Novice: 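Pasting a structure here, questions to come.
Model, not experiment: these values are computed from the prediction.
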Amino acid sequence: MSPGLPISELKSSLTTYAKENGLTLSQATNKALAENRQSVAAAAPVASKSSSLTQGAAPANAGGGRIYNLGSAKQGGDVFVMPAGYGIINHGHTGIFISKTVLVEAPGRNKKSRSTSSLNYKVSKGAVKQQVNHIASVKTNAANRAKGLTGKNYNMNFAVNKSATGRDMNCSQLVWAAFKLVNKSIDLDGNGGLGVYPYDIKKSSRTTTYKTF
């Protein structure tokens, strides 16, 4: 359920989580697997109706769905979530706007987190733009934090990825971390599980959708 992640690395992170939370390794593993399946299920209805999108790459229109330009945000600190998959597993993809027309994302395996223009950024049907339900200064500070999270290697571990200071980061971890670094009480993980996935952010009570493609 996490293509490209070495078993040893996954086991190590789950073992640490289990010890910190008074669980057995088996309990932690089952909890992580259940959350992973929930993530796939949340993304699947959208992905099945849209084109095949790969994180950080131009979309292939294999599914026949319409492709859109993401365009501008209302303000820095807004986020987007879109259908996207890695290999055969679809968890979606997310990023954070650091200004109205520039976003920061962790685009995928063997790529470093980066800033890029949103004006010609391709998304498919089902993508959303969202505002985070906090005061403007919090969102501005989160956007500034996100700028400092560029240049990181991609973290293949979604199952246990809630580290705001990780050496490596995946897409949802980066968005989550940008706000967590501003205020530890701000948690964009909608279900509060071991890991934060893109559709956890979309479904969070702290985000509100203002544009659906």
Novice: Spell out, as yes or no, whether a donor-acceptor pair under 3.5 Å connects the side chain of Ser117 to the backbone of Leu119.
Specialist: yes

Novice: So, does Thr16 use its side chain to make a donor-acceptor pair with the main chain of Ser12 at under 3.5 Å?
Specialist: yes

Novice: Kindly write out the residues that satisfy ring pair (Phe, Tyr, Trp, His ring centres under 6.0 Å) with Tyr210, not counting sequence neighbours, or none if the list is empty.
Specialist: none

Novice: Would you tell me whether Asp78 and Gln130 have side-chain atoms, one donor and one acceptor, within less than 3.5 Å of each other?
Specialist: no

Novice: Would you check if the distance from the ring center of Tyr199 to the ring center of His91 is below 6.0 Å?
Specialist: no

Novice: Hey, quick one: are Ile135 and Leu188 part of the same hydrophobic cluster, counting side-chain heavy atoms closer than 4.5 Å, chains of contacts allowed?
Specialist: yes

Novice: Starting at OG of Ser163, measure out to CG of Asp168 and round the result to the nearest 0.5 Å.
Specialist: 10.0 Å

Novice: Indicate if Leu23 and Leu25 have the same hydrophobic cluster label, given that clusters are the connected sets of ILVMFWY residues with side-chain heavy-atom separations under 4.5 angstrom.
Specialist: yes

Novice: Any non-hydrogen side-chain atom of Arg167 less than 4.5 Å from a side-chain atom of Lys152?
Specialist: no

Novice: Is it the case that Asn36 and Tyr197 place a side-chain donor and acceptor less than 3.5 Å from each other?
Specialist: yes

Novice: Under a 3.5 Å distance rule, please check whether Glu35 uses its side chain to pair with a backbone N or O of Ala32 as donor and acceptor.
Specialist: no

Novice: Of all heavy-atom pairs between Lys100 and Gln75, which one has the smallest distance, and what is that distance?
Specialist: CG-CA, 4.1 Å

Novice: Please assess Cys171 against Phe158 for the test side-chain contact (heavy atoms from CB on, under 4.5 Å), listing each intermediate value before the final yes or no.
Specialist: CA-CA 9 Å; Cys171 63; Phe158 277 85; 4.2 Å; yes

Novice: Looking at Val196 and Asn161, what are the two nearest heavy atoms and their distance?
Specialist: N-OD1, 2.8 Å

Novice: Under 30°, 30 to 60°, or over 60°: which ring-plane class applies to Phe213 and Tyr68, parallel, tilted or perpendicular?
Specialist: tilted

Novice: Do you know the tightest heavy-atom contact between Ile201 and Ser172?
Specialist: CD1-O, 3.8 Å

Novice: Decide yes or no on side-chain contact (heavy atoms from CB on, under 4.5 Å) for Val79 and Val132, but give the supporting numbers first.
Specialist: CA-CA 7 Å; Val79 302; Val132 178; 4.1 Å; yes

Novice: Using the side-chain contact (heavy atoms from CB on, under 4.5 Å) rule, take Leu194 and Lys31 through it: C-alpha gap first, then chi angles, then the decisive distance, then the call.
Specialist: CA-CA 8 Å; Leu194 285 74; Lys31 187 175 180 180; 3.3 Å; yes

Novice: Might you work through the side-chain contact (heavy atoms from CB on, under 4.5 Å) test for Glu105 and Arg114, ending with a clear yes or no?
Specialist: CA-CA 6 Å; Glu105 63 169 355; Arg114 65 184 183 183; 2.6 Å; yes

Novice: Between the side chains of Lys162 and Asp189, is the shortest nitrogen-to-carboxylate-oxygen separation below 4.0 Å, so that they form an ion pair?
Specialist: yes

Novice: What are the two closest heavy atoms between Ala178 and Leu149, and how far apart are they?
Specialist: N-CD1, 4.1 Å

Novice: For Ser13 and Asn157, which heavy atoms make the closest approach, and how far apart are they?
Specialist: OG-ND2, 3.1 Å

Novice: Is a donor on one side and an acceptor on the other found under 3.5 Å between the side chain of Lys129 and the backbone of Ser72?
Specialist: yes

Novice: For Ala142 versus Ile96, what's the shortest heavy-atom pair and its separation?
Specialist: O-CD1, 4.1 Å

Novice: Between Glu9 (side chain) and Pro6 (backbone), is there a donor-acceptor pair under 3.5 Å?
Specialist: no

Novice: Please identify each residue that fulfils ring pair (Phe, Tyr, Trp, His ring centres under 6.0 Å) with Tyr17, with sequence neighbours left out.
Specialist: none

